[in-house]
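Remarks on the structure that follows.
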Amino acid sequence: METPFYRPRRLRKSPALRALVAETALRPDAFIYPIFIVEGKGVVQPVEAMPGINRYSPDKLAPVVAEASKAGVPALLIFGIPAEKDEVGSGAYAEDGVVPQAIEAIKRENKNILAVTDVCMCEYTSHGHCGVVKDGDVDNDATLPLLAKTALAHVHAGADIVAPSDMMDGRVAAIRAALDDAGLADTPIMAYSVKYSSAFYGPFREAAESAPAFGDRRTYQMDFRNSREAVREAALDEDEGADIVMVKPALAYLDVIAAVRAQTDLPVAAYNVSGEYAMVKAAAKAGWIDERAIVTEILTAIKRAGADIIITYHALEFARQR
Ligand code: PBG
């Protein structure tokens, strides 16, 4: 006699059946690939703790753009590393700075690839903090106009989306107002709304030379013991005019992605950060894990938790192998 009750295993009998009822699918067109750009010419410099990731000068970007387009990855997230750093991070908002140069190089190669820019001061300041420092502390309000200027310089150069990652309070509103005043009301803001103070950023700080010279970022980045605060931060950014909210890092914060997803109708992005990438690459290199399977599982989990968009250093390699 047949059992009268529902048996989940009935739907797992074949790959086709499993695919038919799968709740989550990974699409390369929802990936963003981060890139590090240095000034100069002819530079392709590997980042030691991030195998497969290089720092490029703008003239060396063409193959990356071509690969993204071939793999179906629609967007690049640009991090600039200037030749000179100073107290106020003036390289961040220079109209001919390293990020504007990268945007122009990308657009020259393929105007359909979306140029997303990280808006922050830490790569540009001599002290490595994400804002202007006064009396040994980051001055929130003095930083806002500089962030707005930075976003404007990026959009003037052709950026499609600006992504403030500094975690100053009020920066989304400041950037939105500056863009609107400049007639750029159609440029979206992807806010790093929920950004934890995290050891998972270690390899990035090597790549971007942006480790703080003194102290840490705990006065402006979030405490990983908290998740209610994440929901509050995302709601504030939404009120200030964010078009996409982001959670970062991703893997140790799946509960936070789900919580943010539940309280906003905006698209949610998750940043699978440098340390998460480095751990996978190191274990794979040692032959301890199946890289492909692990990456699929990790990215699917981030999606399943509620992320619409995934920012990941795995994007090109993963999409290419599909
Ligand atoms: C700040 C910024 C950081 C990352 C993205 N934007 C570093 C930090 O806050 O120290 C980290 C990304 C990663 O680890 O992959 N501009």
Side-chain angles (χ1 to χ4, degrees), residues 31-37 47-55 75-82 85 89 91-93 97-99 102 116-133 138 143 146-147 150-151 154 161-168 171 175 189-224 233 244-253 269-282 298-299 302 309-316:
F31 289 160
I32 299 178
Y33 183 66
I35 54 173
F36 299 105
I37 314 298
V47 179
E48 202 185 329
M50 302 176 74
I53 301 297
N54 298 304
R55 310 199 301 180
L76 301 173
L77 173 59
I78 305 167
F79 292 98
I81 304 140
K85 305 187 186 223
Y93 37 90
V98 60
V99 171
V116 187
T117 60
D118 185 82
V119 174
C120 193
M121 310 303 290
C122 67
E123 300 97 331
Y124 303 91
T125 50
S126 43
H127 45 71
H129 277 288
C130 299
V132 186
V133 171
V138 174
T143 305
L146 302 184
L147 294 167
T150 303
H154 293 175
I161 301 177
V162 288
S165 71
D166 50 282
M167 288 299 276
M168 297 303 121
R171 90 273 204 218
I175 291 172
I189 298 175
M190 174 167 74
Y192 286 70
S193 304
V194 181
K195 180 171 176 183
Y196 285 91
S197 176
S198 170
F200 283 101
Y201 307 149
F204 172 96
R205 290 179 188 172
E206 172 210 326
E209 295 165 7
S210 65
F214 63 90
D216 53 41
R217 304 206 205 288
R218 283 180 221 195
T219 59
Y220 44 102
Q221 297 185 349
M222 289 174 49
D223 184 330
F224 59 73
E233 286 274 12
I244 299 170
V245 291
M246 192 203 298
V247 176
K248 171 180 172 209
L251 199 48
Y253 298 84
Y271 198 144
N272 174 222
V273 300
S274 58
E276 300 173 50
Y277 177 84
M279 291 194 305
V280 170
K281 284 288 179 186
I298 288 174
L299 298 180
I302 294 169
I309 300 163
I310 303 178
I311 303 162
T312 178
Y313 302 96
H314 295 294
L316 293 194

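Just so you know, residue 1 is the first one in the sequence shown, and it goes up from there. For ligands, and for the atoms within them, numbers begin at 1 and follow the listed sequence.
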Worksheet item: At what distance is the nearest protein heavy atom to atom 14 (O) of ligand 1, and which residue and atom is it?
Response: Ser274 OG, 2.7 Å
Response to the item:
For Arg217, the ligand 1 atoms with a heavy-atom partner under 4.0 Å come out as 8 (C), 9 (O), 10 (O)
Worksheet entry | Residue part near ligand 1, for Asp118, under 4.0 Å between non-hydrogen atoms | side chain
Item to complete: For ligand 1, indicate whether the residue Cys122 contacts it via side chain, backbone, both or neither (heavy-atom separation under 4.0 Å).
Response: side chain
Worksheet item: Parallel, tilted or perpendicular for Tyr271 and Phe79, by the 30°/60° rule?
Response: tilted
Worksheet item: For Met121, is the nearest heavy atom under 4.0 Å from an atom of ligand 1?
Response: no
Discussion item. So if I count the atoms of ligand 1 from 1 in the order they appear, which ones are less than 4.0 Å from some heavy atom of Glu123?
Written reply: 16 (N)
Discussion item. Using only atom types and a distance under 3.5 Å, with no angle test, would you say the side chain of Arg55 pairs donor to acceptor with the backbone of Val47?
Written reply: no
Fill in: Atom indices of ligand 1 within 4.0 angstrom of Tyr271 heavy atoms, with elements
12 (C), 15 (O)
Practice prompt. Report the member of Ala92, Ser165, Ala199, Ala278 with the shortest heavy-atom distance to atom 16 (N) of ligand 1.
Written response: Ser165
Response to the item:
All heavy atoms of Tyr220 vs all of Met167, minimum pair found to be O-CB, 3.4 Å
Worksheet item: Can any side-chain N or O of Ser274 pair as donor or acceptor with the backbone N or O of Phe200 at less than 3.5 Å?
Response: yes
Discussion item. For a quick test of reading the model, state the closest non-hydrogen atom pair linking Ala278 to Pro203 and the distance between them.
Written reply: CB-CG, 4.0 Å
Response to the item:
Note: Arg205 and Pro212 closest approach over all heavy atoms is NH1-CD, 4.2 Å
Worksheet entry | Where Val162 and Ala151 come nearest, the two heavy atoms and their spacing | CG1-O, 4.0 Å
Worksheet item: For atom 4 (C) of ligand 1, which candidate among Glu206, Lys195, Lys248 provides the closest heavy atom?
Response: Lys248
Worksheet entry | Ring centers of Phe204, Phe36 separated by less than 6.0 Å | yes
Item to complete: Among all protein heavy atoms, pick the one closest to atom 12 (C) of ligand 1 and tell me residue, atom and distance.
Response: Phe204 CD1, 3.3 Å
Item to complete: Identify the protein heavy atom lying closest to atom 10 (O) of ligand 1, giving its residue, its atom name and the separation to 0.1 Å.
Response: Arg205 NE, 2.5 Å
Item to complete: Please report which non-hydrogen protein atom sits nearest to atom 15 (O) of ligand 1, along with the residue it belongs to and the distance in Å to one decimal place.
Response: Tyr313 OH, 2.5 Å
Response to the item:
Taking every heavy atom of Glu209 against every heavy atom of Lys85, the minimum-distance pair comes out as O-NZ, 2.8 Å
Response to the item:
Near Phe79 (heavy-atom distance under 4.0 Å), the atoms of ligand 1 are 5 (C), 6 (N)
Fill in: Side chain, backbone, both or neither: the part of Tyr277 lying under 4.0 Å from ligand 1 by heavy atom
neither
Practice prompt. Please determine if Gln221 has a nitrogen or oxygen closer than 3.5 Å to a nitrogen or oxygen of ligand 1.
Written response: yes
Worksheet item: Which heavy atom in Leu77 sits nearest to a heavy atom in Ala163, and how many Å separate them?
Response: CD1-CB, 4.5 Å
